[in-house]
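Working notes, structure below.
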There are 2 protein chains.
Amino acid sequence: MGTASKALSLLNYFSRSTPQIGLSDIARLSGMNKATVHRLMSELASHGFVEQVGAGREYRLGPAFLRLAALREKAVPMRELVMAELKTLSEVTGETAHMSLLNGDVLSNLAYSYAHLHGTMVMMEDAEVLELHSTGSGLAVLAFSPTSFVDTVLNKPLVARTSETITDPKAIRAQLPQIRRVGMAQSIGGFEQDVHSHAAPIFDATSHCIGAMAVAAPVSRMTDTLRTTIQTELAHAARRTTRVLGGFPPDTFPLPDLAAPAAESELT
Amino acid sequence: MGTASKALSLLNYFSRSTPQIGLSDIARLSGMNKATVHRLMSELASHGFVEQVGAGREYRLGPAFLRLAALREKAVPMRELVMAELKTLSEVTGETAHMSLLNGDVLSNLAYSYAHLHGTMVMMEDAEVLELHSTGSGLAVLAFSPTSFVDTVLNKPLVARTSETITDPKAIRAQLPQIRRVGMAQSIGGFEQDVHSHAAPIFDATSHCIGAMAVAAPVSRMTDTLRTTIQTELAHAARRTTRVLGGFPPDTFPLPDLAAPAAESELT
DNA sequence: TCAAGCCGGTTCATTATTTGAACCATTGGT
DNA sequence: ACCAATGGTTCAAATAATGAACCGGCTTGA
């Protein structure tokens, strides 16, 4: 691993729940020497990628990301395009729609849209982290990722988010062929109790899976009608999203059912 | 300069007008060896900081910034807080309000707010680059920056954006004492023809100037009344913004005039 | 009150990584 | 068919990263 990668990898220790970290902590977490971490953090700081907060001299992410994110979004208006799809998807299903991108061996949420239709909704946050094994989105991504990647992910310890989380690698692997067949994954209460989510993979220009689009509804609202609506609408929205981002589903990817309810009955 | 800094500095060659660049171009621009650039870009790419676009294999900024920007904004809701101030500032002045952050020796726009009051407005964009010598915001920042920094900036060649741009370092230096005295800078047509902008510096927790808040109006609309409104409102908004961001103006920074119109007459 | 233990930060001889000229293989224009 | 670009790769030589030990300061608790 090059020096630049080491510096960049330090940024991964900042998260929603750990917005600032001290020098010694980063050294411990990364396994690097304190002197090394200090030098790397200083370099990051000089470019505005991190900054030090007054008191405990802890580090936090810097303002440079706002600028670079704006430039990225200007060059590739992914978020904007995705938001448009999510908005219609949440409106037409009446439930929360969101999209997340693969980042290492984890998904991070890119955007979401609520339907202000019911009193209760599944909540979502930007940059929220979704694990691959416990979420519908994660399963969708796993099913369309190289087996070597799947192996890496499933060989690590899988934490149970809820009592419903499937943590047996074999059980997870067993689900993947069907997800591949229908082009969509489901997870009931695997990540959050009482949440039923459907997810479909999104592909880039080289037909690699880069993330997933999903619709999440409270388990209590999930009827056959809603399930059918979500499945057909999500399939189309995901396809449009892949295309609008300049990507292509792999040749093996199933077409959304127009007249053939076979796949749907298999899903249900 | 460490290796990590070299890698990070490559990101600066991406801009609004140059969203993607080829390997050889980056090597030329940075003066680094092609092999070096290739290795650094590969490391950046492996972390999602850049990505390669299909055809010409050119590089562009990657999706990682969306995630990190969301985390930064969650940890430090600078943009959100600033937006609130800008919104009221643009409403009360009836003109375009914006705020930019110092990034190296250039300002990059963080946020802006239009007043939908007149048929014509000064336009603004996220991550737009503002030079220090040709903009009101830049002058405000220069006036409250260390002299060594001012020297560095003014010793470089100063390009004339318009026929009104002041490119003589001496003339610019001559303006700074008064800007310091009144706590606000003005620029008439220095960056864009027919734009009259007022700008006030923003400070961090260590009283260092980190950027500027500004109000930009068409020259044709600038009356004495509007000027007075802008000056008083901007002074207060900038002060509130500094405070709300956890910063402090330096001890020498003038208080907004409550009952003493002396400073204002000096400004006008 | 004092000492132990933590913190962020620094030093400098040792070590491992980065560097860059020269080299491919492709592509596009003349 | 050629030339001049492009992105990408190689490997000895040069340079930068590393980390154990060290500061001084702060907090803790005996």
Side-chain angles (χ1 to χ4, degrees), chain A residues 1-15 17-63 75-76 204-208 246, chain B residues 1-15 17-63 75-76 204-208 246:
Chain A
M1 185 165 64
T3 310
S5 287
K6 285 180 199 164
L8 296 180
S9 72
L10 294 181
L11 296 172
N12 289 328
Y13 297 108
F14 297 95
S15 69
S17 56
T18 317
Q20 29 186 301
I21 326 182
L23 181 63
S24 299
D25 280 331
I26 304 178
R28 263 189 296 275
L29 286 168
S30 64
M32 297 180 196
N33 187 282
K34 201 168 45 137
T36 303
V37 172
H38 179 257
R39 189 171 41 77
L40 295 178
M41 292 305 280
S42 299
E43 294 197 48
L44 289 170
S46 75
H47 286 261
F49 282 72
V50 299
E51 63 184 11
Q52 283 181 281
V53 47
R57 312 253 77 199
E58 293 194 307
Y59 294 87
R60 67 181 177 201
L61 294 176
V76 190
D204 70 6
T206 57
S207 292
H208 290 125
Chain B
M1 186 164 64
T3 310
S5 287
K6 285 181 198 162
L8 297 180
S9 72
L10 295 181
L11 297 171
N12 289 327
Y13 297 108
F14 298 96
S15 68
S17 55
T18 317
Q20 28 185 302
I21 326 183
L23 181 63
S24 298
D25 279 331
I26 304 178
R28 260 189 297 277
L29 286 168
S30 64
M32 296 180 197
N33 188 281
K34 202 166 46 136
T36 303
V37 172
H38 180 257
R39 190 172 39 79
L40 295 179
M41 292 305 280
S42 298
E43 293 197 50
L44 288 171
S46 75
H47 287 262
F49 282 70
V50 299
E51 64 184 11
Q52 281 181 283
V53 48
R57 313 251 77 200
E58 292 194 308
Y59 295 87
R60 66 180 177 202
L61 293 176
V76 190
D204 70 5
T206 56
S207 292
H208 290 125

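Protein chains get the first letters and strands the later ones, always in sequence-line order, with residue 1 at the start of each.
Among residues two or more places apart in sequence or in another chain, the side-chain hydrogen bond (donor to acceptor under 3.5 Å, both in side chains) test is passed with A/Asn33 by none. Annotation: ring pair (Phe, Tyr, Trp, His ring centres under 6.0 Å) contacts of A/Tyr59 (sequence neighbours excluded): none. Listed by chain and residue number, A/Leu10, A/Tyr13, A/Met32, A/Val37 satisfy the side chain to side chain contact (heavy atoms under 4.5 Å, CB included) test with A/Ser30 (two or more places apart in sequence, or in another chain). Under the side chain to side chain contact (heavy atoms under 4.5 Å, CB included) criterion, B/Ser5 pairs with A/Glu43, A/Ser46, A/His47, B/Met1, sequence neighbours left out.
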Could you list all N or O pairs between the protein and nucleotides 14-21 of chain C that sit under 3.5 Å apart?
residue	atom	partner	partner atom	Å
C/dT18	OP1	A/Thr3	N	2.6
C/dT18	OP1	A/Thr3	OG1	3.1
C/dT19	OP1	B/Lys6	NZ	2.8
C/dT19	OP2	B/Arg39	NH2	2.2
C/dA21	N7	B/Asn33	ND2	3.4

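Rounded to an integer number of Å, the gap from B/Arg57 CZ to D/dT9 C1' is 15 Å. Summarising the geometry, the separation between NZ on A/Lys34 and P on C/dG9 is reported as 10 Å, rounded to the nearest angstrom. Here the C1' atom of nucleotide D/dT6 and the CD1 atom of B/Ile26 are 13 Å apart, to the nearest Å. Atom C1' of nucleotide C/dG9 and atom CG of A/Asp25 are separated by 15 Å, given to the nearest angstrom. When rounded to the nearest whole Å, the span between CZ of A/Arg28 and C1' of C/dG5 equals 12 Å. Per the geometry, NE2 belonging to A/His38 stands 12 Å off C1' belonging to C/dC7, to the nearest Å. Counting to the nearest Å, the P atom of D/dC22 and the CG atom of A/Leu23 are 19 Å from each other.
Between A/Glu58 and A/Gly22, the shortest heavy-atom distance links the atoms OE2-N, 3.6 Å. What you find for B/Arg60 and B/Pro19 is that their closest heavy atoms are CB-O, 3.4 Å.
Under 4.0 angstrom from either OP1 or OP2 of C/dG9 there lies at least one side-chain N or O belonging to A/Tyr59. Close to D/dT6, at under 4.0 Å from its OP1 or OP2, lies no side-chain N or O of B/Gln52.
Taking the side chain as every heavy atom from C-beta outward, A/Val50 and A/Met41 approach each other to under 4.5 Å. Within the 4.5 Å cutoff, the side chain of A/Leu8 has heavy atoms near those of the B/Leu8 side chain.
Between its two ends, the helix from C/dT1-D/dA30 to C/dT30-D/dA1 turns its axis by 40°, counting five pairs per end and rounding to 10 degrees.
B/Gln52 places a side-chain N or O within donor-acceptor distance of the main-chain N or O of B/Arg57, the cut-off being under 3.5 Å.
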